[in-house]
Amino acid sequence: MGVGANASVVGPAAAADQPTRQPVDWAAFMAGNTWVTDMTHFLDALEPRADVPAPARELATFFGQIVHELTCHPQSRPRDTGLRCRRSRCSGRIHALLERLVTIQWSCDACDDRGMISNWRGTPWDMTGKPAGAREPPRRPSAPRSPAPRAEGPNAYCERLGVPVPRLEDVLAARRLNVREATIVALLERGGHMTIEELADRLESAGVEARSGDMAHSIRKAWRGLPPVVKGRDGRYSLDTGSPAFLFLPYTFDLGERAAQEPLQVTERGPDEPLTLEEVEAAFEGRAPYQFGVSRKVAAILDAHGRAMSVAEVQEHFGRVTRVAPPLQIDARTLRLGSPDLVTLAEGRVTLNSASTSLSAMRTAVRQLARPVLLQKARDERFSARHEVRAAEHAQRARAAAAEAAKLRRAVLRVVPDVDDVQAAALLDLQDRSIRTFVGHQQVRELAETLAGYDVLVGLHPREALESIGVDPSRFERLIDLRPPKKTRRISKAGRTLQITPELLITSSTGMSRPLGDPGKVAQYLAQGDHGKLERRLASDLKSLFAFYRYGVLQQGVRLRWGFLDDRYSVSWELPGELSLYEVMKAAGEEGQTVELVLGNAPGWEAPWSRAQRFRACGVDAHDVVVQGQDGRVRIPRCEVQAIRVVAP
């Protein structure tokens, strides 16, 4: 019977369909979720081409693992199978009992999930009678390995990241991916644009399952506009190579090639070799080894020092190493317990008996305690060495990236009335702080040629705006979209929501009122041909967007203030080498440097430092900057700082 046709995972009503079995405690099994399972109903789940729903395959795997664990080593008592509960939110473990090699009873030790499994004999999960080397559980069938579609020519994404081209099936075999993650890997694999149909076919051929039953619908729902996946005006999906999320993909999916590590080696000494101080300290450090008698503890210390010692010296050494154990009581009575021939006490000094038959056993026992500690110490040392090397490499790469970023030309773009029908635009050059306007379709076409001189573009919907005026967005090193990170904010338990607009965030962050022009007024200027007012409006919009962008770079976040709300949303608009407010204040506070701060509203365009206040930097924490002014030390909320620079005192 196929599992897709009639699943045997049923309630108590299925008891009549089960073969005769030993009496069980039905009262206990009727409480909670009880699964009465016939394993012969799950045989279709092992066929790769069988039309079996994904949930049924998951259940077949779960029940099959229970049968496999119980039949590998049959026992007549309940035991922990080592399997986790099938429920995603439960961290319990499955305990099971094989009753007279007929029925398997199982239950979770943390929730009310439980059940009985019958007719498992002769199924692929049954390991009874098989040799130990053949006791491998049947694997869940994988999808046919169809050739992965690749873009013609080099893979621009993987070349940019410096990683080999991944294969979706291989990544799926190494880790569990959701639909969004599988979409990202498929785009990396292709190295270019893909339509929603191509993505759906690729994910389905690799064995990715859509809970909705419609892969294309699942891809759209899973995307949610999150970087680094972007959607073009033609409906095709691609990866934004300038997004910080794109640069983290090798770490997210472990795509880099790892260097093979040599196994850790700890010097092994035989029982005839004396203990070392390192071994004794590793065995006794931070613990109270009560399994060791006083004579063995004293003998270990004497063996490591290689000489006779006074009672006070031994006690001092043992107390310094353990720190948690009570003082070592050394007298004739305690030394006679355990191994009386290991050490001798005379005139306040203890001496190791090198001819004792217990000496080798003592050394072996101490080394067994010390070995895991020494291994961990070796791991820590190797990690520290690798960390120092990686930190130096990271610092070198950061300096190189900052030097490259300093060469990039940046501009802020504003187009009106919308990205679908651009009739006018304005461009602000961040290097020379100049503004150019382009009005009319003829000048907008000239804008496309002007943009060729820039590497980083900032604005609202920059990708869509570029596509609208015929510019390939992929030619830019980075596109920074100033759109709100969230569209709505729930403000009441009744479900009332606040629409988060760019104007609201710009005003909240910079204090600018009416930061962007009214679309109706802009349309009126265009219709009447009033280019003067239109250009002034565009220039004002650019200044607002520039102030908003600089605030986001400095704070690494933007602010939402509305009524009783005062929220912060993180953004990643900075380029390599651009320091945040926290980094500037931390470095200035450590050096006691003088800084100028612009507080409250955004700096003016013509004289950005005219309202700056001078302080001596003292420090910074999660919420405030700490500075020293004329009236003493004060704390200023970080969100109120609009600009900062270090100046000579």
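Keep in mind the model is a prediction, meaning the values are calculated, not measured. We use all heavy atoms of the structure for the numbers below, so side chains are in, but hydrogens, waters and symmetry mates are not.
- Remark: Glu590 engages Lys586 in a salt bridge, criterion side-chain N to carboxylate O under 4.0 Å.
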Taking distance alone, no hydrogens or angles, what donor-acceptor pairs closer than 3.5 Å link side-chain atoms of residues 511-527 to residues at least two apart or in another chain?
from   : atom 1 : to     : atom 2 : distance (Å)
Asp518 : OD1    : Gly520 : N      : 3.4

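- The distance from atom CG of Leu575 to atom CG of Asp455, rounded to the nearest 0.5 Å, is 10.0 Å.
- Side chain of Arg475 to backbone of Ala452: a donor-acceptor contact under 3.5 angstrom is found.
- Exactly one residue among Val458, Leu457, Leu460 makes a side chain to side chain contact (heavy atoms under 4.5 Å, CB included) with Val412. That residue is Val458.
- The backbone N or O of Gln556 sits nowhere less than 3.5 Å from a side-chain atom of Tyr582 that would complete a donor-acceptor pair.
- Separation of the Phe548 and Trp573 ring centroids falls under the 6.0 Å cut-off.
- Side-chain N or O atoms of Glu189 include one that pairs as donor or acceptor with a backbone N or O of Leu168 at under 3.5 Å.
- Using a distance-only test at 3.5 Å, with no hydrogens or angles considered, a donor-acceptor pair links the side chain of Ser509 to the main chain of Leu505.
- The two residues Val179 and Leu203 come nearest to each other via the heavy atoms O-CD2, 4.0 Å.
- A donor atom on one side chain and an acceptor atom on the other are found under 3.5 Å apart for Arg160 and Thr241.
- For Gln431, the CD atom counts as densely surrounded, since its 6.0 Å shell holds more than 12 non-hydrogen atoms of other residues, nucleotides or ligands.
- Side chains of Leu560 and Tyr569 form a contact here, defined as non-hydrogen atoms less than 4.5 Å apart.
- Taking 4.5 Å as the limit, some side-chain heavy atom of Leu466 sits within range of a side-chain heavy atom of Leu479.
- A donor-acceptor pair under 3.5 Å is formed between the side chain of Arg561 and the backbone N or O of Ser508.
- Shown here are the salt bridge (Lys or Arg N to Asp or Glu O under 4.0 Å) partners of Lys407, two or more places apart in sequence or in another chain: Glu404.
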List the steps and the verdict of side chain to side chain contact (heavy atoms under 4.5 Å, CB included) for Leu199 and Leu187. CA-CA 8 Å; Leu199 281 171; Leu187 289 169; 4.1 Å; yes

What do the steps show when you test Phe438 against Arg445 for side chain to side chain contact (heavy atoms under 4.5 Å, CB included), and what is the final call? CA-CA 9 Å; Phe438 305 82; Arg445 284 192 291 271; over 6 Å; no

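- A heavy-atom distance below 4.5 Å is found between the side chains of Ile469 and Leu447.
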When you look at Leu599 and Ile636, which way does the side chain to side chain contact (heavy atoms under 4.5 Å, CB included) test go after all the steps? CA-CA 9 Å; Leu599 306 175; Ile636 301 173; 4.0 Å; yes

Please evaluate residues Arg436 and Asp429 with respect to the criterion salt bridge (charged side-chain N to carboxylate O under 4.0 Å, His left out), reporting the C-alpha separation (whole Å), side-chain torsions for both, the decisive distance (0.1 Å), and the verdict. CA-CA 8 Å; Arg436 292 183 58 186; Asp429 190 303; over 6 Å; no

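- Within the 4.5 Å cutoff, side-chain heavy atoms of Leu172 are placed close to those of Val208.
- Asp170 contributes atom CG, which lies 14.0 Å from atom CZ of Phe253 (distance to the nearest 0.5 angstrom).
- Taking CZ of Phe615 as the reference point, atom CD of Gln628 lies at 10.5 Å (rounded to 0.5 Å).
- Taking every heavy atom of both residues into account, Gly592 and Arg616 meet most closely at O-CG, 3.7 Å.
- One finds a salt bridge joining Asp240 and Arg463 here, because a Lys/Arg side-chain nitrogen approaches an Asp/Glu carboxylate oxygen to under 4.0 Å.
- In this structure, Tyr157 and Gly192 approach most closely via the heavy-atom pair CE1-N, 3.5 Å.
- In this structure, Leu545 and Ile506 have side chains that are in contact, with non-hydrogen atoms separated by less than 4.5 Å.
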Please test Arg635 against Val625 for side chain to side chain contact (heavy atoms under 4.5 Å, CB included), starting from the C-alpha separation and ending with a verdict. CA-CA 6 Å; Arg635 303 180 70 90; Val625 295; over 6 Å; no

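- Residues Phe476 and Val456 approach most closely at CD2-N, 4.3 Å, considering heavy atoms.
- Arg568 places a side-chain N or O within donor-acceptor distance of the main-chain N or O of Gln555, the cut-off being under 3.5 Å.
- In terms of heavy-atom proximity, Ala602 sits nearest to Arg611 at O-NH2, 2.8 Å.
- For the pair Arg559 and Asp566, the salt-bridge criterion is met [side-chain N within less than 4.0 Å of a carboxylate O].
- To the nearest 0.5 Å, atoms CH2 (Trp605) and OG (Ser540) are separated by 11.0 Å.
- Side-chain N/O atoms of His461 and Arg483 include a donor and acceptor closer than 3.5 Å.
- Here the options are Arg489, Arg490, Lys486, the test is salt bridge (charged side-chain N to carboxylate O under 4.0 Å, His left out), and the partner is Asp567; only Arg489 passes.
- In summary, the side chains of Arg180 and Thr183 do not present any donor paired with an acceptor at a separation below 3.5 Å, with no hydrogens or angles considered.
- A distance-only check finds no donor-acceptor pair linking the side chain of Asp481 to the backbone of Pro462 [under 3.5 Å].
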Taking distance alone, no hydrogens or angles, what donor-acceptor pairs closer than 3.5 Å link side-chain atoms of residues 495-504 to residues at least two apart or in another chain?
from   : atom 1 : to     : atom 2 : distance (Å)
Thr501 : OG1    : Leu504 : N      : 3.2

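- In this structure the side chain of Trp609 reaches within 4.5 angstrom of the side chain of Glu596, judged on heavy atoms.
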From CA spacing to verdict: salt bridge (charged side-chain N to carboxylate O under 4.0 Å, His left out), Arg236, Glu198: CA-CA 10 Å; Arg236 295 189 299 173; Glu198 291 174 332; over 6 Å; no

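- Taking both residues in full, the closest heavy atoms of Glu578 and Glu583 are given as O-OE1, 4.2 Å, listed atom of the first, atom of the second, then distance.
- One finds the CD atom of Glu204 at 5.0 Å from the CE atom of Met215 (value rounded to the nearest 0.5 Å).
- Residue Arg410 holds its CZ atom at 12.0 Å from OH of Tyr454, rounded to the nearest 0.5 Å.
- Side-chain atoms of Gln396 and Arg399 form no donor-acceptor pair, as typed in the model, at a separation below 3.5 Å.
- Side-chain contact between Val444 and Gln423: absent, with no pair of heavy atoms (C-beta onward) separated by less than 4.5 Å.
- Using a 4.5 Å heavy-atom cutoff, the side chains of Leu188 and Leu239 are in contact.
- Ion pairing between Glu574 and Arg550 fails under the 4.0 Å rule for side-chain N and carboxylate O.
- Ring-plane geometry between His387 and Phe383 is classed as parallel, the angle between the planes falling under 30 degrees on a 0 to 90 degree scale with a further cut at 60.
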